Amino acid sequence: MLRQANRSMCLVYLRRIISSEYEELWQQLGTQESEAFCIKIIESSMHEKQPVLRKRLADVVAEIARNTIDDNTGKQTWNGVIQFLEFCMSVNSVELREFAMQLLENVPNLFGTDQDQFIPGIKQMFQGSLLYAADAGVRTAAVRAFVAFVVDNEDDDKLVHAMSELIPAVIQVCIHVVDTESDDGVTLQSLADLATTVPKTLQSHLNDIFMLCIRTVQRQQGRLIPAPQHEADGLHLRGHAEAHEEARRAVHSRNPQ
């Protein structure tokens, strides 16, 4: 346990050094040594079994990927990180799929100016992870990564439109989180961030969002006591219609046509 704690702290320090001293560090390493360093980090990420250390490694890889985007051209100069991301999504590994989502959450602009050519693959990555039945952790990580990516590209209408097709899957993950209480609220916060920053992605899903909110409130209150049936039907229909219209107006006021 002590060894894991030490390794975790070392990775935290490594990320901080890369973040604050990247240019000087890379110059001292030189081309050959820096390439060898990146390969070693990728290899360690592939084989790490401890979730905490895997997350720390994802942070390190993300910091390198952030700094290897050329300031002048905007191109991602570390081709290995894109290849590794594709590899993570091509194998049936819970750990590597979650790693890929953590990486995209940390660096949504990882692909640089070549991003457009990767859009079909990126969409497939998100779809495969949002619907990944084998592990809920992969699905919740996918929600966070998906929202970070869409928010980072909020001004690209074509991309936002393409990614909006995955919103039903995002909502389904949120429903599962509410029903199982298996999350600390980060997933729902991600959905709220999406509604705040890119509300147009949710316009055609307001009814589902409304029902998710009702489901969340009922879960928190331990199930509401139902009204008598003859009253409940009328109250439900009126309340649902009024709340739906209010939500629709709120979204349109933030995003006028």
Side-chain angles (χ1 to χ4, degrees), residues 38 42 45 58-59 61-94 96-135 137-174 187 190-205 208-209 251 254-255 257:
C38 290
I42 291 296
S45 302
D59 293 340
V61 173
E63 198 61 54
I64 298 172
R66 186 178 293 111
N67 282 279
T68 49
I69 297 175
D70 189 276
D71 291 335
N72 296 319
T73 65
K75 292 180 68 68
Q76 174 59 261
T77 60
W78 182 19
N79 294 327
V81 72
I82 297 177
Q83 294 170 0
F84 178 55
L85 188 64
E86 293 174 337
F87 172 78
C88 288
M89 299 304 300
S90 68
V91 295
N92 188 24
S93 167
V94 169
L96 291 181
R97 279 180 175 269
E98 186 172 16
F99 189 99
M101 292 300 102
Q102 291 170 344
L103 186 56
L104 281 174
E105 179 188 4
N106 286 339
V107 196
N109 65 331
L110 180 146
F111 299 92
T113 51
D114 293 326
Q115 177 174 278
D116 286 350
Q117 71 185 61
F118 291 103
I119 291 302
I122 295 171
K123 185 177 179 180
Q124 188 175 4
M125 287 182 190
F126 284 133
Q127 184 174 25
S129 296
L130 287 166
L131 301 176
Y132 193 66
D135 188 78
V138 171
R139 298 195 298 272
T140 55
V143 170
R144 298 193 300 272
F146 173 84
V147 171
F149 185 77
V150 173
V151 168
D152 191 66
N153 292 278
E154 61 175 309
D155 295 328
D156 188 335
D157 291 337
K158 183 178 179 180
L159 183 148
V160 169
H161 177 74
M163 292 298 164
S164 294
E165 296 176 7
L166 300 180
I167 293 298
V170 171
I171 295 174
Q172 284 302 311
V173 175
C174 292
T187 305
S190 295
L191 184 62
D193 292 342
L194 186 65
T196 300
T197 309
V198 199
K200 58 188 174 184
T201 59
L202 303 179
Q203 283 182 0
S204 59
H205 305 283
D208 292 334
I209 297 293
V251 170
R254 294 186 57 83
N255 186 52
Q257 297 297 321

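Along the sequence shown, residues are numbered consecutively beginning with 1. If you're wondering where the values come from, they're calculated on a predicted model, not measured in any experiment.
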Does one side chain, of Gln115 or Asn153, offer a donor that lies under 3.5 Å from an acceptor on the other? yes
If we only count heavy atoms from C-beta on, is the Arg66 to Asn106 side-chain gap below 4.5 Å? yes
Would you compute the distance between atom CD1 of Ile167 and atom SG of Cys174 and round it to the nearest 0.5 angstrom? 9.5 Å
Between Leu85, Ile69, Asp116, which is the residue that forms a side chain to side chain contact (heavy atoms under 4.5 Å, CB included) with Phe111? Leu85
Go through the steps for Ile64 and Val81 under the test side chain to side chain contact (heavy atoms under 4.5 Å, CB included), then give the verdict. CA-CA 9 Å; Ile64 298 172; Val81 72; over 6 Å; no
Say you draw a straight line from CG of Leu103 to CG of Leu96; how long is it, rounded to the nearest 0.5 Å? 11.5 Å
Point-to-point distance, once rounded to the nearest 0.5 Å, from CD1 of Ile171 to CD1 of Ile209: 4.0 Å
Can you tell me how far CZ of Arg97 sits from CZ of Arg139, rounded to the nearest 0.5 angstrom? 12.0 Å
Sub-4.5 Å side-chain heavy-atom contact between Val143 and Leu191: no
With the side chain counted from C-beta on, respond yes when Thr201 and Met163 share a heavy-atom pair under 4.5 Å apart, and no when they do not. no
So do Ile42 and Trp78 actually touch side chain to side chain, heavy atoms under 4.5 Å? yes
Within-4.5 Å side-chain heavy-atom neighbours: Gln203 and Lys200: yes
Residue set satisfying side chain to side chain contact (heavy atoms under 4.5 Å, CB included) with Glu86, at least two apart, ordered chain then number -> Ile82, Phe118, Met125
CE-CZ distance between Met89 and Phe99, expressed to the nearest 0.5 angstrom: 13.0 Å
So, using ring-ring contact (aromatic ring centres under 6.0 Å, His included) as the criterion, who are the partners of Phe149 when residues are at least two apart? Phe126
CG on Leu194 to OG on Ser164, rounded to 0.5 Å: 8.0 Å
